[in-house]
Number of protein chains: 12
Amino acid sequence: MPATNAPYTVPGLTEATGHQVGELLQMRLHALNDLQLTLKHAHWNVVGPSFIGVHEMLDPQIELVRGFADEVAERMATLGVSPVGTPGDLVAKRSWEDYSVGRADTTVHLEAINKVYDGVIEDHRAAIAKAGELDPVTEDLLIGQTAELEKFQWFVRAHLENSKGDIK
Amino acid sequence: MPATNAPYTVPGLTEATGHQVGELLQMRLHALNDLQLTLKHAHWNVVGPSFIGVHEMLDPQIELVRGFADEVAERMATLGVSPVGTPGDLVAKRSWEDYSVGRADTTVHLEAINKVYDGVIEDHRAAIAKAGELDPVTEDLLIGQTAELEKFQWFVRAHLENSKGDIK
Amino acid sequence: MPATNAPYTVPGLTEATGHQVGELLQMRLHALNDLQLTLKHAHWNVVGPSFIGVHEMLDPQIELVRGFADEVAERMATLGVSPVGTPGDLVAKRSWEDYSVGRADTTVHLEAINKVYDGVIEDHRAAIAKAGELDPVTEDLLIGQTAELEKFQWFVRAHLENSKGDIK
Amino acid sequence: MPATNAPYTVPGLTEATGHQVGELLQMRLHALNDLQLTLKHAHWNVVGPSFIGVHEMLDPQIELVRGFADEVAERMATLGVSPVGTPGDLVAKRSWEDYSVGRADTTVHLEAINKVYDGVIEDHRAAIAKAGELDPVTEDLLIGQTAELEKFQWFVRAHLENSKGDIK
Amino acid sequence: MPATNAPYTVPGLTEATGHQVGELLQMRLHALNDLQLTLKHAHWNVVGPSFIGVHEMLDPQIELVRGFADEVAERMATLGVSPVGTPGDLVAKRSWEDYSVGRADTTVHLEAINKVYDGVIEDHRAAIAKAGELDPVTEDLLIGQTAELEKFQWFVRAHLENSKGDIK
Amino acid sequence: MPATNAPYTVPGLTEATGHQVGELLQMRLHALNDLQLTLKHAHWNVVGPSFIGVHEMLDPQIELVRGFADEVAERMATLGVSPVGTPGDLVAKRSWEDYSVGRADTTVHLEAINKVYDGVIEDHRAAIAKAGELDPVTEDLLIGQTAELEKFQWFVRAHLENSKGDIK
Amino acid sequence: MPATNAPYTVPGLTEATGHQVGELLQMRLHALNDLQLTLKHAHWNVVGPSFIGVHEMLDPQIELVRGFADEVAERMATLGVSPVGTPGDLVAKRSWEDYSVGRADTTVHLEAINKVYDGVIEDHRAAIAKAGELDPVTEDLLIGQTAELEKFQWFVRAHLENSKGDIK
Amino acid sequence: MPATNAPYTVPGLTEATGHQVGELLQMRLHALNDLQLTLKHAHWNVVGPSFIGVHEMLDPQIELVRGFADEVAERMATLGVSPVGTPGDLVAKRSWEDYSVGRADTTVHLEAINKVYDGVIEDHRAAIAKAGELDPVTEDLLIGQTAELEKFQWFVRAHLENSKGDIK
Amino acid sequence: MPATNAPYTVPGLTEATGHQVGELLQMRLHALNDLQLTLKHAHWNVVGPSFIGVHEMLDPQIELVRGFADEVAERMATLGVSPVGTPGDLVAKRSWEDYSVGRADTTVHLEAINKVYDGVIEDHRAAIAKAGELDPVTEDLLIGQTAELEKFQWFVRAHLENSKGDIK
Amino acid sequence: MPATNAPYTVPGLTEATGHQVGELLQMRLHALNDLQLTLKHAHWNVVGPSFIGVHEMLDPQIELVRGFADEVAERMATLGVSPVGTPGDLVAKRSWEDYSVGRADTTVHLEAINKVYDGVIEDHRAAIAKAGELDPVTEDLLIGQTAELEKFQWFVRAHLENSKGDIK
Amino acid sequence: MPATNAPYTVPGLTEATGHQVGELLQMRLHALNDLQLTLKHAHWNVVGPSFIGVHEMLDPQIELVRGFADEVAERMATLGVSPVGTPGDLVAKRSWEDYSVGRADTTVHLEAINKVYDGVIEDHRAAIAKAGELDPVTEDLLIGQTAELEKFQWFVRAHLENSKGDIK
Amino acid sequence: MPATNAPYTVPGLTEATGHQVGELLQMRLHALNDLQLTLKHAHWNVVGPSFIGVHEMLDPQIELVRGFADEVAERMATLGVSPVGTPGDLVAKRSWEDYSVGRADTTVHLEAINKVYDGVIEDHRAAIAKAGELDPVTEDLLIGQTAELEKFQWFVRAHLENSKGDIK
């Protein structure tokens with residue numbers, strides 16, 4: 001499905017600039033959709049003595065990430081760029097591998113999730129930098145999302161950490 | 001990620017039967033995950049004079065379908081079968097194509113969604129029949145989901161229908 | 001108003017089967033609409049020393065029955081059969097008499113309501129049996145409604161009963 | 001079921017006056033009960049591209065009308081007149097025909113509903129005039145209901161209207 | 001405490017008229033304050049097999065009556081007349097006796113309450129008539145209160161009534 | 001923007017009468033829109049030791065007045081008269097001056113607001129009288145609004161009053 | 001109305017002791033009923049620049065005091081003593097005068113209310129001491145109420161106080 | 001299951017005292033668990049013309065008693081004593097008989113429940129006295145529960161009582 | 001207490017069949033009552049580093065199980081069979097031992113609870129099979145309960161499981 | 001009313017800078033007040049087959065815009081600049097014309113509203129740029145508002161758009 | 001800041017006694033303020049595999065302790081003693097050391113918190129004893145707080161305990 | 001307690017930069033903790049005729065400031081820096097004096113609070129500037145907090161201000 005741009009963008013930006021910002025958000029949308037599916041997958045597959053705490057900790061983050069995907073996609077539409085949200089397009093375009101942990105102890109999942117967040121957050125920060133040159137509204141949206149993603153990564157890391165700050 | 005079965009299933013079923021039911025649910029999980037992504041994609045891409053009604057009608061259904069995916073996956077885990085919820089596995093295993101409509105009028109999307117529901121519901125009904133021979137709890141879960149999916153399809157069809165009941 | 005069937009039914013059923021199920025629901029719809037009106041009529045006409053308890057006990061049941069009528073009618077539409085909900089059609093087609101008690105003591109009303117429930121529930125159970133051969137989704141819907149109708153009839157009977165279980 | 005009047009009415013009115021007001025409300029009760037059934041019937045039978053908006057617009061009005069029927073019937077009982085709420089009595093006594101539209105486009109239903117409201121509101125206004133001479137409490141109750149019925153009719157008409165105010 | 005009038009009243013009324021309306025409300029305030037205390041007294045003193053229904057039926061009415069007293073007193077203040085709400089003034093000025101039933105069966109209390117409502121409602125209706133000549137806002141306020149008081153009296157009477165409408 | 005009347009009005013009124021009532025509401029709409037803006041202006045500009053109480057007292061009244069404007073405008077539409085709600089039309093048609101107090105002590109604002117309410121309420125009462133001859137539904141709507149406006153004016157006056165009722 | 005004691009009291013107390021405790025609560029009930037009326041009276045009659053804060057501060061306390069009266073009266077009934085809640089009995093039995101302030105500045109009312117609380121609280125503390133010798137449940141109930149009454153008196157005093165703690 | 005005491009108790013009590021208080025609570029826990037089961041049993045088995053009032057009156061009390069059992073058991077754990085909550089231990093240790101009424105009229109159940117409360121409350125009061133010498137926190141907890149149990153017993157007794165206070 | 005059957009059952013079943021279904025539910029009621037007590041016992045006695053997660057995980061399940069007991073008992077009454085809910089009868093009739101773990105680590109409790117669920121669920125499934133031959137309403141009720149019991153057992157097992165699915 | 005600046009501004013800004021930012025917000029306040037009135041005007045005047053969807057879509061946006069006006073005005077006050085919110089000042093100072101559409105089809109209104117948003121958003125973006133040089137707090141407030149205004153404009157445009165993105 | 005006593009205290013206590021009680025509460029206030037800060041500090045610094053359970057368990061306790069500080073301080077003010085709540089005064093007057101654990105495993109924090117509670121509770125119990133001789137209202141307030149502090153300490157200890165009740 | 005940094009920070013920042021940002025937040029945490037204690041201290045010590053408005057105005061701000069402290073501390077942890085939240089550390093490290101007003105009139109407290117806010121906000125703005133060079137997420141968090149702190153300071157100043165904007 002080729003992305004079709006609308007013949008307009010938000011007032012105050014040139015059409016070219018607006019569309020450039022919108023297109024830069026497409027990979028953020030794919031990353032967030034991948035993330036919501038991956039976190040649910042982990043939610044279903046964690047086992048071990050800390051099961052209930054980790055199982056329940058994931059759900060509010062999933063709710064948040066689903067809201068972020070919606071926010072990013074509607075920002076694209078607002079900027080005049082058609083968002084693509086189908087799984088086929090996501091898998092075809094993404095630069096990372098499918099999450100590879102099945103049924104496993106909470107620690108194994110938390111270590112894998114920690115790595116997933118490294119990728120998502122680094123890319124969000126790169127997008128903040130690019131958006132900052134073009135559109136303060138999009139920049140602000142991405143900053144707000146990054147704050148929450150980083151906070152949840154702290155939750156993950158705190159499980160893995162010992163008192164010297166070392167991560168297993 | 002090969003599905004690993006646990007060395008148990010629910011009490012009252014043999015391990016083999018329980019795992020058989022759990023495995024039959026894997027494709028239902030993929031179908032529901034695909035459906036939630038597809039409906040959100042449509043939610044973002046509908047345009048035209050009936051925009052707001054259709055845009056808003058989709059969201060409660062998406063909430064419902066996300067809950068159904070959770071319900072199916074947790075039933076799999078309960079039966080001792082590890083659910084796979086990642087997009088890579090979904091795209092690799094599914095027997096249907098990616099939804100192909102981008103920005104388009106509400107009618108175009110509703111016609112395409114109508115076809116998607118034909119597929120999902122037929123497969124759900126086939127799974128009801130199979131589960132009915134093995135496990136009434138899983139059967140009941142699928143019957144409940146099918147009722148809601150069929151009701152939403154009526155919403156979709158009612159938009160496409162004229163007073164003689166013909167569908168465009 | 002002749003019932004017009006749509007040129008479709010739910011996926012997985014033949015059109016003939018789906019319409020047969022939908023048509024069998026028409027009399028259930030009339031029965032439930034009659035029931036909500038009859039219970040309200042009783043709600044307004046009970047008198048005597050137990051007034052307040054019985055007056056208030058009826059309202060949640062009326063809410064439930066109104067919801068059941070909606071559920072049955074929307075199931076008909078989903079199956080491709082046009083539901084008829086007007087009072088003229090109801091009175092013309094029903095096989096039972098108008099409720100005949102006016103202002104009367106709570107016991108007189110509860111005895112009359114008990115008989116009304118005998119009729120509605122027997123017919124619901126007959127419809128469960130027929131639907132069970134054709135469509136598990138409709139069967140499940142009717143089972144759920146019957147459970148609630150029977151529970152409320154217990155409330156009614158418990159007022160009329162003495163400790164040996166005899167009903168006045 | 002012959003209406004039986006109680007040997008009392010509200011303090012401050014003569015028994016004859018109170019009962020006269022109560023009896024004048026019986027046809028208002030029948031009209032409101034007919035209206036709630038008719039609006040639900042339309043709710044289930046509308047089709048066409050504006051389906052979802054009209055389908056959902058009807059439900060809050062139905063809730064309101066059901067509340068109005070309750071209010072009128074309880075006013076009758078308060079005035080010492082036994083309200084009759086059964087469908088047989090309604091159909092036997094009403095001066096209008098059953099609503100005659102089955103499955104049809106939203107516009108067809110809205111046109112028919114517009115006519116139904118013409119009848120109900122004219123009769124409510126006539127009852128306001130009569131009650132105004134006898135009992136300000138009943139008058140006030142009917143004025144409040146008429147305000148809401150007229151507002152909903154505006155919703156209906158606004159769908160049918162063009163910018164010159166013409167109604168199809 | 002002599003009632004002191006303010007040197008103003010609501011815009012659109014002469015000061016004399018506004019104060020006349022305000023003064024006419026003083027006895028309504030005393031009647032409503034007496035009523036809330038009397039109903040609570042009954043709430044605490046009812047006994048017998050129908051205890052719980054009657055005990056609980058009184059509380060929402062007490063809430064309502066307390067709200068009516070507030071409404072009447074604030075209307076007086078709005079009209080420029082100082083409302084007097086103390087028990088000494090109430091007892092000194094009222095024309096009726098203290099409620100005389102102590103611990104007694106629900107029926108005895110309901111019969112006594114029925115008589116109390118006869119008095120309160122007749123006086124409210126007389127005040128409606130007087131206010132109707134002077135100030136439609138006050139008239140409307142009293143009509144609204146009377147509707148609720150009369151409805152509650154129906155609740156009371158329905159307990160005392162038999163199917164022929166006779167009251168014990 | 002010339003007001004265009006629709007070729008209908010509410011059932012039971014002649015078209016001429018209905019439109020006459022609707023037109024009489026236009027200045028009530030302007031007055032209420034002016035009032036909501038003026039109260040917000042005062043909300044932002046009060047200063048002095050009683051700041052917080054007055055600042056917070058204004059907000060619920062503003063909510064109410066905004067609802068009244070909506071109610072009046074939708075009544076106009078219901079009566080077949082197109083309501084005009086733009087600031088240009090309001091300023092062109094109004095017979096009063098812009099509120100003239102900027103940053104000032106609470107007492108200065110309350111004195112100015114007291115005068116504003118004198119104007120709005122007198123005009124509402126005049127409209128009640130006119131509507132009372134033509135349409136009891138509109139009359140009732142205006143009476144209900146006036147009650148609340150007068151009650152809020154009492155709040156304002158109570159701040160300005162001393163124990164003898166004198167207003168500064 | 002002579003107080004009639006029931007032939008029982010709470011288990012674990014002798015009938016004589018239980019009734020003695022119940023009777024000691026009768027004057028607490030009268031004091032609380034007087035207090036709720038008096039606070040409402042002040043609520044309606046305060047004027048001056050601090051009107052809104054004081055007017056609104058009184059209402060939650062009134063709610064609380066009404067709840068305390070209910071609690072005390074139901075404790076009496078539980079102990080087998082019939083509570084008397086009518087205004088005539090209250091005025092006949094009380095040892096204090098009617099509250100004597102009419103329309104007056106907030107400070108005048110707060111000073112008068114402060115004195116009212118001195119009386120109510122001293123008597124509550126005396127009742128705590130007596131109940132403490134007879135029934136820990138009643139003692140605990142009165143302690144809880146006293147805590148709230150004293151806290152509200154602090155609110156009142158804080159308005160009257162200067163920074164050295166002097167009360168006007 | 002022998003009760004095992006922890007090697008600690010709450011700060012400020014000696015370990016011996018804390019454990020003594022905890023052990024004294026074990027029979028209170030059994031009594032409350034028995035009571036919640038018995039009240040539910042009655043809730044299911046009452047019949048007769050006052051059915052609905054009594055059936056519904058029991059549920060909030062059951063909720064409360066379940067909360068009291070939890071409160072008592074967690075206080076035991078806090079004091080360092082392991083609470084035993086199993087039905088086998090309850091039946092083995094209790095000094096009273098199983099409730100013996102099956103399906104019966106509300107009055108029969110209320111009489112039996114009245115006796116049950118005599119026992120539970122007397123034992124609670126004895127425990128208050130013992131706890132009062134050892135631990136004010138536990139004493140306060142039991143006083144609070146006793147107040148509610150006694151109030152509910154009044155509800156029960158009020159059904160059985162006539163106006164002279166005699167209990168059938 | 002001998003179970004007394006009423007001289008009726010639900011409409012559409014023979015009295016014999018209805019009573020047979022009701023009687024088969026008696027042991028389900030005992031099992032569910034035992035389960036709610038046992039889970040609370042565990043809730044109070046778990047210790048160890050995972051305390052808080054397990055302690056809190058049990059409460060919603062206890063709420064659910066209490067609701068299931070209510071549902072089963074009210075179904076029995078509806079079918080005309082008197083439910084027995086007393087602890088004496090439960091302990092006398094049950095075929096299993098009292099839960100035997102006192103204060104213990106979360107893992108010890110979870111292993112014991114896992115075994116308890118094996119028993120309850122197997123018996124529920126056997127009852128589903130029997131009910132399925134006699135009464136679809138009761139069958140459906142038991143299927144719904146089993147789904148939730150099995151899901152909670154998965155929570156328990158997930159704590160005990162390692163990544164190969166082995167349970168300690 | 002000449003704007004009076006306070007002799008202070010927020011800490012960390014010079015008084016001159018703070019006041020400069022505050023003054024730049026005055027026209028944003030006028031634009032937002034104009035917008036809330038204009039959207040309500042459209043809410044009342046839309047007609048045609050898509051009436052209900054557009055009528056209801058406007059209300060949450062109006063709520064939002066009213067909140068934005070409040071936020072901007074309170075920011076001005078915080079910065080030491082007196083906000084002017086009266087309609088006379090708005091009409092005298094604005095650089096745009098009154099909205100000119102009366103009763104008209106939804107499409108006509110949506111096209112006109114689309115143009116209104118072009119103006120408001122362009123000016124908001126210009127203000128973001130200016131505020132960004134002076135005060136990051138004000139800049140952030142305007143960015144947040146712009147995001148929501150742009151999103152609502154997308155709703156408007158989506159109605160006007162066809163699948164190629166062309167706007168009528 | 002020297003504590004200044006007011007020239008009054010609660011009615012029924014001598015001024016000297018009331019102030020003595022108030023002063024005894026000052027160190028309770030400092031202890032509770034210290035506790036809320038310390039628990040938040042731990043909330044931020046716990047790490048390790050049980051992170052989420054302990055992190056979340058602390059927040060409701062912090063809410064409670066903040067409420068206790070408010071309750072104690074307002075009791076002081078009520079008694080006529082000025083509460084001091086600043087950190088400087090707290091640190092200057094306290095007899096204990098700053099909490100000394102930084103980032104550390106949950107167990108290390110729970111052990112340290114356990115010791116903190118030993119101190120706070122012992123001092124609360126000592127204050128209960130002193131207050132009990134002087135003022136039952138203050139005594140009751142402290143008993144209620146101690147119950148909750150002790151219960152939370154059980155939560156803490158349950159994490160540290162093994163099945164024999166030993167604490168690490 | 002020496003601050004220990006973790007061997008990581010948020011993705012996309014170097015460890016050095018992330019830790020630098022985290023450390024800069026430590027004094028913001030101390031300032032916010034000091035502020036919540038100080039505002040509560042004022043809440044308890046204000047007296048005078050405007051008591052209630054100021055007493056109640058402080059509580060929502062305290063809630064907000066406590067949330068800000070939490071937000072800042074969790075951001076530090078997220079950045080890999082251990083937050084220190086104990087009162088000893090706060091008092092040792094802060095550069096300002098303890099708040100020095102005890103029981104005093106509202107105006108005295110508001111003047112002192114105004115000065116406190118000058119300090120907190122200036123330091124927040126300095127931190128915004130530093131964070132802006134290093135980390136946009138932290139910058140955005142501080143901007144959001146500053147907006148609310150400045151708005152509350154306007155509330156404070158508005159009490160102190162006269163109509164020319166002068167502050168006492």
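Below, read A as the first sequence line, B as the second, and so on, with proteins coming before strands; counting in each chain starts at 1.
Contact between E:Asp105 and E:Gly48 at its shortest, heavy atoms only, is OD1-CA, 3.7 Å.
Although no hydrogens or angles enter the test, the distance criterion places no donor-acceptor pair under 3.5 Å between the side chain of E:His30 and the main chain of E:Thr86.
If you look at H:Trp154 and E:Phe51, their ring centroids are closer than 6.0 Å.
Looking at E:Tyr99 and E:His109, their side chains do bring a donor and an acceptor atom within 3.5 Å of each other. For the residue pair E:Asp135 / E:Gln20, no side-chain donor-acceptor distance below 3.5 Å is found, with atom types taken as modelled.
Residue-level contacts of residues 52-72 of chain E with chain H, in order of numbering, are E:Ile52, E:His55; threshold 4.5 Å between heavy atoms.
With salt bridges taken as basic N to acidic carboxylate O contacts below 4.0 Å, one links E:Arg103 and H:Glu161.
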